[in-house]
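Just below is one structure, and these are the notes that go with it.
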Amino acid sequence: TSREQALSIRLAIEDELQKSSFLSKQSVNWEKVFCRGVVLSDEWGEKFLSGSLDLCHVAICQELKLSKFWTLDRRQRQLAEAAGLEVNPL
């Protein structure tokens, strides 16, 4: 995506955060996220070739006790499913 597209997406998300109950800002305990990411890496990292950001995204979802995970990335999808999250349909 171009810089303009990225800015447009960011502004749309910020607008949605202000007027919707669908999205909300959440705080996480980063120490717990990183510890959970290490566990995910040990269990699934090599199998799915998971990178650090994929591991953090799934760990954050788990720490926030969210049950659904949205991604368009195949490897991230595999990791999230292996971690027990319900992943969006493609």
Practice item. Using the test side chain to side chain donor-acceptor pair (under 3.5 Å), find all partners of Lys25 that sit at least two apart in sequence or belong to another chain. Key: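 By the side chain to side chain donor-acceptor pair (under 3.5 Å) rule, Lys25 matches no residue at all.
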Point to revise | Asp73: salt bridge (Lys or Arg N to Asp or Glu O under 4.0 Å) partners, not counting sequence neighbours | key: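 With neighbours one apart ignored, the set is empty.
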Point to revise | Listed partners of Lys65 passing salt bridge (Lys or Arg N to Asp or Glu O under 4.0 Å), at least two apart | key: none
Review point. Applying side-chain hydrogen bond (donor to acceptor under 3.5 Å, both in side chains), which residue pairs with at least one partner in residues 44-53 are found, sequence neighbours left out?
Key: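 Residue pairs passing side-chain hydrogen bond (donor to acceptor under 3.5 Å, both in side chains), neighbours aside: none found.
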Between atom [atom1] of [X] and atom [atom2] of [Y], what is the distance when rounded to the nearest 0.5 Å?
X     : Y     : atom1 : atom2 : value
Leu79 : Arg77 : CG    : CZ    : 12.0 Å
Gln76 : Leu55 : CD    : CG    : 9.5 Å
Glu43 : Ser41 : CD    : OG    : 10.0 Å

Return all side-chain donor-acceptor pairs below 3.5 angstrom for residues 26-40, not counting sequence neighbours, or 'none' if the list is empty.
unit_1 : atom_1 : unit_2 : atom_2 : d
Gln26  : NE2    : Ser24  : OG     : 2.8
Asn29  : OD1    : Glu31  : N      : 3.0
Asn29  : OD1    : Lys32  : N      : 3.1
Arg36  : NE     : Glu63  : OE2    : 2.8
Arg36  : NH2    : Glu63  : OE2    : 2.8

Review point. Should Leu17 and Ile9 be counted in the same cluster of Ile, Leu, Val, Met, Phe, Trp and Tyr side chains packed under 4.5 Å apart?
Key: yes
Exercise for review: Under the side-chain contact (heavy atoms from CB on, under 4.5 Å) rule, collect the residues that match up with Cys61, sequence neighbours excluded.
Suggested key: Leu66, Phe69, Leu85
Check your understanding: Yes or no on side-chain contact (heavy atoms from CB on, under 4.5 Å) for Val58 and Asp54, after CA distance, side-chain angles and deciding distance?
Key -> CA-CA 6 Å; Val58 172; Asp54 292 340; 5.8 Å; no
